[in-house]
Amino acid sequence: MDYALMMLAAATAGLLVALLITLVRAIAGPSLYDRVLAVNSFGTKIVLLIAAMGFLAGRPDFLDIALLYALVNFIGTLAVLKFFRYRNLGGASSGERKAETQR
Amino acid sequence: MTVLAAILAGVFLAVGAIFVLIGSFGLWRLPDFYTRLHAAGITDTLGLSLMLVGMMFLGGWTLVTVKLVFILLLILLTSPTATHAVANAAYTVGLRPFGVPPEDLPEKER
């Protein structure tokens, strides 16, 4: 048990380092899409971090929050992409415009 | 928890953390958006799956494992969708792969 929790703590430390590296790419990314990709990857690692911290704290109920975070991360990525392609988030008719005119 | 489950949990967590680190390092160091897309995929598939399976060994046969399976299935469904959306948006706007000669791109893109 102690061995597994020690490995979990080591994996959490590795996750924190990975989050730092991903944050560097999210800040320095040359294009918008690099940043969106980095933020999406950041959200995936945050899901892992919430689950691991829940196990470390002895309260695995945090997994509900991790599940919700995964859902919000996906919807948020798609919403950001839709906004930057069409400059509009609502209305079904906004999807029919050509993206080439919005460059 | 048996000793075998603890050992398996430790091994899966360590290997998963290594894959997450490899994916993040690739996201930082690779030269191009499309190659970074490839590196981010490692985190979402191998790293996340292995770490969640390690946590399933920690949780045992309880509701915790059911929630972990739900997280795993959800991310295995949504991560390729989000990645395809990002790549499609970048290609539509005009970002082209680094180092590909123009004759290898599709005909209308030359």
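None of the values given here were measured: they were computed from a predicted structure. Just so it is clear: chains get the letters A, B, ... in the order the sequence lines come, proteins before strands, and each one is counted from 1.
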Here the pair of heavy atoms bringing B:Ala14 nearest to A:Met7 is CB-CE, 3.4 Å

Take A:Lys45 and B:Val20 through the test side-chain contact (heavy atoms from CB on, under 4.5 Å) and record every step on the way to the result.
CA-CA 8 Å; A:Lys45 284 161 200 157; B:Val20 169; 4.1 Å; yes

Do A:Leu15 and B:Met51 come within less than 4.5 Å of each other through their side chains, counting heavy atoms only?
yes

Heavy-atom distance under 4.5 Å to chain B: side chain of A:Leu78, backbone, both or neither?
side chain

Please lay out, stage by stage, how A:Tyr33 and B:Val93 fare under the test side-chain contact (heavy atoms from CB on, under 4.5 Å).
CA-CA 10 Å; A:Tyr33 303 100; B:Val93 162; 3.1 Å; yes

Picking from A:Thr77, A:Thr22, A:Asp61, A:Leu37, which has the most non-hydrogen pairs under 4.5 angstrom with chain B?
A:Leu37

Which is it for A:Asp34 and B:Leu27 under the side-chain contact (heavy atoms from CB on, under 4.5 Å) test, yes or no, and what are the steps along the way?
CA-CA 9 Å; A:Asp34 288 299; B:Leu27 194 67; over 6 Å; no

Is the closest side-chain heavy-atom distance between B:Asn88 and A:Arg85 below 4.5 Å?
yes

Chain A contact via B:Leu63 - which portion, at a heavy-atom distance below 4.5 Å
neither

Max heavy-atom pairs within cutoff under 4.5 Å with chain B, candidates A:Asn40, A:Asp64, A:Val17, goes to A:Asp64

Atom group of B:Leu72 that falls short of 4.5 Å from chain A, counting heavy atoms
neither

Contact part of B:Leu48 toward chain A, heavy-atom cut-off under 4.5 Å: side chain, backbone, both or neither?
both

Which atoms of B:Leu37 are under 4.5 Å from chain A, going by heavy atoms: the side chain, the backbone, both sets, or neither?
both

Under 4.5 Å from any heavy atom of chain B - which part of A:Ala10:
neither

Interatomic distance, CZ@B:Arg36 vs OG@A:Ser31, rounded to 0.5 Å, equals 7.5 Å

Closest non-hydrogen contact found for B:Ile71 with A:Val47 is CG2-CG1, 4.0 Å

For each of B:Leu52, B:Ile7, B:Ile18, tally heavy-atom pairs with chain A at distances under 4.5 Å, and name the one with the top tally.
B:Ile7

Measure distances from A:Leu71 to the heavy atoms of chain B and classify the residue's part below 4.5 Å as side chain, backbone, both or neither.
both

Quick check: closest heavy atoms across A:Ala70 and B:Leu74, and the distance to 0.1 Å?
CB-CD2, 3.7 Å

Side-chain heavy atoms under 4.5 angstrom apart, residues restricted to Ile, Leu, Val, Met, Phe, Trp, Tyr: same cluster for B:Val69 and A:Ile65?
yes

If you take all heavy atoms of B:Leu13 and A:Ala4, which pair is closest and at what distance?
CD1-O, 4.4 Å

With a 4.5 Å heavy-atom cut-off, do B:Val64 and A:Phe55 have their side chains touching?
yes

Closest approach of B:Ala6 and A:Tyr3, non-hydrogen atoms and distance?
O-CE2, 3.4 Å

In terms of heavy-atom pairs under 4.5 Å with chain B, the winner among A:Thr12, A:Thr44, A:Leu48 is A:Leu48

B:Tyr34, OH atom: more than 12 neighbouring heavy atoms under 6.0 Å:
yes

Contacting region of A:Ala28 [heavy-atom separation from chain B under 4.5 Å]:
neither

Check whether B:Ile75 gets within reach of chain A through its side chain, its backbone, both or neither, counting any heavy atom under 4.5 Å.
side chain

